[in-house]
Structure formats: structure tokens, C-alpha cells
Amino acid sequence: MPEKVIIAMSGGVDSSVAAYLCCKAGFDCIGVTMKLFTNDALSLPREHSCCSLDDVEDARSVAEQLGMPYHVFNFADRFESCVINRFVHAYENGETPNPCIDCNRYLKFEKLYQRAQELGCTHVVTGHYARIERAENGRFLLKKGLDPTKDQSYVLYCLTQQQLAHTLLPLGGMEKTAVRALADENGFCNGQKPDSQDICFVQNGDYADFIESYTKKHYPPGPFVRRDSTVVGEHRGIIRYTVGQRKGLGLALPKPLYVLSVRPQDNTVVLGEEHELYASTLCARDVNLISVPSLEKPMRVRAKVRYRQAEQDAVAFVDQDGILHVCFDKPQRAITCGQAVVLYDGDSVVGGGTIFSVGAAQSTL
């Protein structure tokens, strides 16, 4: 009897081709779309979100073509508590979150995996561009996708050994052009559907407007200050600023200034010059290790502090309190609390965590 798998289908081309490949490989497949929120609840236009009726119909159409049973699961409560509320809380506390990582952690590979077990499925399948392999020592490894322009290993660093053992990523060894070609060959309705770019529940990338609309709260103005506490203007609420930001400050100054930090404790945004954005060290919490069981001794790694950043040489270790410490060979620009730092050893993910502290800024001059 073939293994039964559950396939997370967003209505996009990637998850559709992942479903096709699993059916072709002989798995007993169930297609599932996770209903994460209603557009009306978040005041979004019907066509905006990944939970739109059009996306559900695209996923259903592909499932029917492949002869798969298809379901829509309502996980809206879980999404609100574990993704949206965490997103809001981060901005209110001067951090810049990555909700896609939380969605993977708490929805796709936790809640959906639980539902898969209830349905007798052995694996969760997604359309992520990353690979899972098993090392000689028995540990499961998360590796980069072979298409460097689409690699999504960064947003999957939170996967545990248990989850990796029960996850299939059929697209990890493919390029995006080949995925679209397969979709077109099979007559899928979404073969040329554009990739989603923005956070699914935020319209037009305006995070602050979303937060104010969602919380029904007003975030008061406060001072822009330099590091020496000199006031240089007034900001429009701390949720509107993130480290490294230059545009949208609304200040007329003799030289460009950038956001260095956001201080919710006194409702202050600290500004500085470009060279003040650089730092060499960081600390991260909520650490998950993949390729190694522990990281007590310093290890040479390549690290990235945002999804699109090129990897940088660094040394990392985890202290007895479970805090990940990373020291870069060269100072890095705009390391941001709330973002993830992910460590690599070659093409394998060592692990990662959520940045909560950044070392003193250093000049690169």
C-alpha cells in the first residue's frame, strides 16, 4: 500500500507541481488549502490574499486534474494567535518580524502536520525550494534548494528533526523555469501565475496601516533623536520604522540619516549616519539546531541576517542559557531585532534563531 501524504496547496504553481510529482511518484495524495483568515476580517480586497476564493479554486482545479481528494482546513484562530498577533507585538516592541517563518513553524509544519497524523498521513508536502537529506549519523539535514534564485532554506530553519523526518520537498532539486514548464505541460491553470511577493495579510506592503486597522489603536508620535539624545524631529509612531530605514522620515536635514534603533520604552526612534548602522555581533533566542545536536563550542559558519542577504563569514556558539551568539568577520549593515539569523555549513543549515540583541555599532571606515 502506498504511503499517504498531505500536500499544502496554496493555489500557486509551486505547490501544484509538488502535488503532481508526488502523484507521479505513487504516493496516496490528499490536497489541502489552509484557510488562514478571511479578507473581510482584515479589510482586504477579495483578490489580495493567499486565502482568496480564486486561490482555493486554482488549488481545487489542480487536485481534480490529478484525481486527488481535496479539502480546505480552517486554521484562522491559530494563524491569528501565532502569526498576526506575534507580528503586531514585534512592531509594538521595536522589532521587525518575519511572519513567513512563524507561518511555517506554527501552521504548515505544526498544525498541518498534526492534522496529517489524524488522517493517517506519513508526510507533509510543500512547494518550498529546499532539500531534506539524512546524514550518515542519522540526523536529518535541511539543505539549500539547487536554484540559488529561489532557495527558501532560510525560512525553514525552524524545522525540527521530527518534522524533517515527515516532510517532503519535491522542488528542492529543480529550477523555477522547469517547474513552470511542468505546470504548462500538464495544463494547470496556474502555470504562469505570478509569485506572491508581499506578506499575505498586509495590503500594499503598508504594515503600519494594517497594524492600526487591526488593533484599532493609535500609536503616538515621539522624538527622533541622535545617539547623544539630541532631538532632531518628531516621528509618527514607532510601528512605522525599522532599522536601516532612510526614506519616509519626513525630515529636512543637512545629511542623510538612518534609523539605528526603535525604543518602545520611551517611544523614541534613534537616528544616525550610514556608518553607524554596522555591527559585528548579535544574540538570538528561540534557537533551533538542525545539522548538529548542540553548538557549545564556537563553530565557523556562514550566516545571513535577512532572507535576501548573501551569506557572511562568522563564528557562532550557543551558551548554557540557550542563547545563540554570532560574531561576524566583517561588520554587517542594519542587523535588525526580530529578524532571523540563519547559519550555514556549505549548503546545509546548521540552525538559527530570532535576533534580540545587536552588538555596539562599528564604523567600517
Side-chain angles (χ1 to χ4, degrees), residues 8 10 12 14-15 18 50 82-83 86-87 90 95-110 124 126-133 140-161 163-164 167-176 179 195-200 242-244 282-292 295 299-314 316 318 324 326 328 332-356 358:
S10 65
D14 294 330
S15 56
C50 63
C82 294
V83 179
R86 288 170 63 90
F87 176 86
E95 298 187 342
T96 302
N98 191 323
C100 295
I101 291 174
D102 283 341
C103 186
N104 286 327
R105 173 183 287 168
Y106 298 112
L107 275 298
K108 291 187 181 75
F109 299 102
E110 183 177 295
V124 169
T126 75
H128 285 101
Y129 287 83
R131 295 173 293 148
I132 298 171
E133 296 180 5
F140 286 90
L141 303 178
L142 175 66
K143 295 196 168 188
K144 299 176 190 174
L146 292 187
D147 184 341
T149 67
K150 298 301 294 182
D151 170 47
Q152 293 174 296
S153 57
Y154 175 88
V155 297
L156 298 177
Y157 82 86
C158 56
L159 290 180
T160 66
Q161 287 292 301
Q163 290 166 338
L164 288 166
T167 299
L168 298 176
L169 305 175
L171 307 189
M174 299 181 66
E175 294 187 352
K176 183 69 178 223
V179 170
D195 293 338
S196 58
Q197 300 294 327
D198 295 328
I199 294 172
C200 63
T242 186
V243 172
L282 64 81
C283 297
R285 60 179 183 259
D286 298 329
V287 177
N288 183 60
L289 298 176
I290 294 179
S291 68
V292 295
L295 197 58
M299 177 181 179
R300 267 274 158 199
V301 296
R302 301 270 285 170
K304 53 197 298 187
V305 296
R306 59 185 62 87
Y307 180 47
R308 295 297 182 188
Q309 184 194 29
E311 296 161 27
Q312 305 294 316
D313 291 319
V318 177
L324 172 64
V326 181
F328 292 93
Q332 301 299 304
R333 186 183 187 279
I335 301 174
T336 306
C337 291
Q339 290 286 290
V341 57
V342 178
L343 314 177
Y344 291 86
D345 179 11
D347 63 354
S348 294
V349 175
V350 176
T354 303
I355 301 166
F356 73 89
V358 180

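Below, each value reflects all heavy atoms present in this structure, side chains not excepted, and no hydrogens, waters or symmetry copies.
Using modelled atom types, one finds a donor on one side chain and an acceptor on the other under 3.5 Å when comparing S153 with Y344. For the residue pair Q332/Q309, the side-chain donor-acceptor check at 3.5 Å is satisfied.
Between the K176 side chain and the V179 main chain, no donor and acceptor come within less than 3.5 Å of each other. Looking at Q339, its side chain does come within 3.5 Å of a backbone N or O of T96 through a donor-acceptor pair. Checked by atom type and distance alone, the side chain of R306 pairs as donor or acceptor with a backbone atom of A334 at under 3.5 Å. The main-chain N or O of C158 is never found under 3.5 Å from a side-chain atom of R105 such that the two would form a donor-acceptor pair. Side-chain N or O atoms of T149 include none that pairs as donor or acceptor with a backbone N or O of D147 at under 3.5 Å.
Counting heavy atoms from C-beta outward, F109 and T126 have side chains that approach closer than 4.5 Å. Between Q163 and F140 the shortest side-chain heavy-atom distance does not fall below 4.5 Å. Between L141 and I132, every side-chain heavy-atom pair lies at or beyond the 4.5 Å cut-off. Two residues are said to be in side-chain contact when any heavy atoms from C-beta on lie closer than 4.5 Å; I335 and V243 fail this criterion.
When all heavy atoms of L171 and G127 are compared, the closest pair comes out as CD1-O, 3.4 Å. A pairwise comparison of heavy atoms in G352 and Y157 identifies C-CE1, 3.3 Å as the closest pair. Minimum heavy-atom separation, V326 to A314: CG1-CB, 3.8 Å. Closest approach of G353 and A284 over heavy atoms only: C-CB, 3.8 Å.
With rounding to the nearest 0.5 angstrom, the CZ atom of R302 is 12.5 Å from the CG atom of L343. Separation of atoms CG (N98) and OG1 (T354) is listed at 9.0 Å; rounding is to 0.5 Å. Here the NZ-CD distance, from K143 to E133, works out to 4.0 Å after rounding to the nearest 0.5 Å. To the nearest 0.5 angstrom, D151 atom CG is 9.0 Å from L146 atom CG. For the atom pair L142 CG and L156 CG, the distance stands at 5.5 Å (nearest 0.5 Å). Rounding to the nearest 0.5 Å gives a distance of 5.5 Å between CG of N288 and CD1 of I290.
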Worked verdict on V341 versus L324 for side-chain contact (heavy atoms from CB on, under 4.5 Å): CA-CA 9 Å; V341 57; L324 172 64; 4.0 Å; yes

Under the side-chain contact (heavy atoms from CB on, under 4.5 Å) rule, what do K144 and Y154 come out as? Steps first, then yes or no, please. CA-CA 8 Å; K144 299 176 190 174; Y154 175 88; over 6 Å; no

Taking it one step at a time, do F328 and V305 satisfy side-chain contact (heavy atoms from CB on, under 4.5 Å)? CA-CA 11 Å; F328 292 93; V305 296; 3.7 Å; yes

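Classification of K150 and D14 as a salt-bridged pair fails, no side-chain N sitting under 4.0 Å from a carboxylate O. Salt-bridge formation is detected for the pair D102/R86: a Lys NZ or Arg NE/NH1/NH2 atom is positioned less than 4.0 Å from an Asp or Glu carboxylate oxygen. The residues R300 and D345 are annotated as not salt-bridged, no charged nitrogen and carboxylate oxygen being separated by less than 4.0 angstrom. Taking 4.0 Å as the cut-off between side-chain N and carboxylate O, R285 and E95 count as a salt-bridged pair.
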